[in-house]
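Single-structure report; data block below.
Letters A, B, ... are given to chains in the order of the sequence lines, protein chains preceding strands, and every chain is numbered from 1. What you see below is based on every heavy atom in this structure, not just the backbone, and it leaves out hydrogens, waters and symmetry mates.
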Number of protein chains: 2
Amino acid sequence: MMLMNMQHVIAKLRHSGYKITPQRLEICELILSSQNHPTADQIYQKILRKFPTISLATVYQTLHLLKELGLLQELGFADMSSRYDPNTSPHVNVICPKCGQIYDCEPKRAKELWSQIAAELRFKPVGQRLDVYKYCDKCSNIQSRNSETKNR
Amino acid sequence: MMLMNMQHVIAKLRHSGYKITPQRLEICELILSSQNHPTADQIYQKILRKFPTISLATVYQTLHLLKELGLLQELGFADMSSRYDPNTSPHVNVICPKCGQIYDCEPKRAKELWSQIAAELRFKPVGQRLDVYKYCDKCSNIQSRNSETKNR
DNA sequence: TCTTAAATAATAATGGTTTTTGTTTAGTAT
DNA sequence: ATACTAAACAAAAACCATTATTATTTAAGA
Ligand SMILES: [Mn+2]
Ligand SMILES: [Mn+2]
Ligand SMILES: [Zn+2]
Ligand SMILES: [Zn+2]
């Protein structure tokens, strides 16, 4: 379940009874090869180049479909937006609490942590989400600049 | 930072320059003693009993304030709602993906392995979120009942 | 008690997401 | 190849949790 190529996705769509449409293929390619956990609108803006008449609703529908099929996970955030992650295996999302930048991290100990916790919980989870908050370089610079002068 | 009593909260509000109001005290008591990760509206509905004229906006403002003070964390979800968790230490939220029920779980080795991950990442996180998805008893029953007859 | 900046209640506005509706199309049967 | 039909689409409106605005009230210090 590591390398998720387009042939696999197409097979899964077919097997599940869904139609293969150009819009779906383009959305799948974009999101499944993404690394930065994009929003629905960010995907929509990119798709617009090839499909100038595509609807944002279609992007949302397709993302939900891929979620149902287990090909991605939806990460909800406190600012009431969702970001989509093609990495559904246990891993760490490193997130800047200021600007929202996200990147994946796969520490060796993460798998170990996961299996130990799963064993202690005495059930097999259907999914998981591991977030770690850390100010990115840009935001931590601004942060420190501000705290020099202003303070609460 | 374990037992968060009202005296500590009041001191923190004072020290940070915020006023002690009856509304704030009531909201703090409710959320900081809660176990089920309530939404802002659920807190609002409970507060209404004692403060019939309180505004939902006040609840949101107070929750954001407590978040700034580090007394709780806000958990955003894919259904575009937030739930508030007075437990800010590394722990596991066990979440039903169907009905949204949440309860805390503190595996013995969670904190220790969490710190090992932090060490491997080579930075000190300002926070974290560890979710595990598992259908609750009620929802897993319904789930299995449905999959007997209907199937995709 | 007086003063005033902060907090509150009420209300409107916001914006990401979902729903609705009419049109188009992928997959299949003829 | 053509016709058929349920599914998918685009466009637009609706939804709704949250946030912003504004007038009023109040906590806290002088
Ligand atoms: Mn990720
Ligand atoms: Mn929790
Ligand atoms: Zn940042
Ligand atoms: Zn449930």
Donor-acceptor side-chain pairing of A:E74 and A:S82 below 3.5 angstrom: yes

Side-chain (B:R24) to main-chain (B:T62) donor-acceptor, under 3.5 angstrom: no

Distance in angstrom units between A:K67 NZ and C:dT18 P, rounded: 8 Å

Sugar-phosphate only, base, or nothing, as touched by B:P52 at under 4.0 Å among non-hydrogen atoms: nothing

Which residue lies more 5' along DNA chain D, comparing B:E74 with B:I20 via nearest heavy atoms: B:E74

Distance, rounded to the nearest Å, where A:M80 contributes CE and D:dT19 contributes P: 7 Å

Selection from D:dA20, C:dT19, D:dA17 that lies nearest to any side-chain heavy atom of B:S81: D:dA17

Distance-only donor-acceptor test, A:T53 side-chain atoms vs D:dA10 base atoms, 3.5 Å: no

Sidechain-backbone polar pair: B:S16 side chain, B:L13 backbone, donor-acceptor under 3.5 Å: no

Side-chain donor-acceptor contact under 3.5 Å, B:N87 with B:S89: yes

Any A:Q23 side-chain nitrogen or oxygen under 4.0 Å from OP1 or OP2 of C:dT25: no

Atom-to-atom span, CZ of B:F51 to P of C:dA10 - whole angstrom: 14 Å

Sugar-phosphate only, base, or nothing, as touched by A:R14 at under 4.0 Å among non-hydrogen atoms: sugar-phosphate

A:D79 CG to C:dT14 C1', straight-line distance once rounded to whole Å: 13 Å

Nucleotide C:dA9, atom P - distance to CG of B:L48 in whole Å: 10 Å

Side chain of B:S55 - closest among D:dA6, D:dA28, C:dA10: C:dA10

A:T21 side-chain N/O to D:dC9 phosphate OP1/OP2 under 4.0 Å: yes

Nucleotide nearest B:A57 when distance is taken to its side chain, options C:dT11, C:dA7, D:dA8: C:dT11

Side chain of B:K19 - closest among D:dA17, D:dA20, C:dA6: C:dA6

Worked check of side chain to side chain donor-acceptor pair (under 3.5 Å) between A:T88 and A:Q73: CA-CA 6 Å; A:T88 59; A:Q73 69 178 132; over 6 Å; no

B:Q61 vs C:dA9: side-chain N/O to OP1/OP2 distance below 4.0 Å: no

Sugar-phosphate, base or nothing in reach of A:T39, heavy atoms under 4.0 Å: nothing

B:R24 CZ to C:dT8 C1', straight-line distance once rounded to whole Å: 10 Å

Spacing between B:F77 atom CZ and C:dT18 atom P, to the nearest angstrom: 16 Å

Pair B:D41-B:T39, side chain to side chain donor-acceptor pair (under 3.5 Å): steps then yes or no: CA-CA 5 Å; B:D41 192 69; B:T39 65; 5.5 Å; no

C:dA7 OP1/OP2 closer than 4.0 Å to side-chain N/O of B:T58: no

First of A:P22 and A:Y84 reached from the 5' end of DNA chain C, by closest nucleotide: A:Y84

Nucleotide D:dA17, atom P - distance to CD of B:Q45 in whole Å: 11 Å

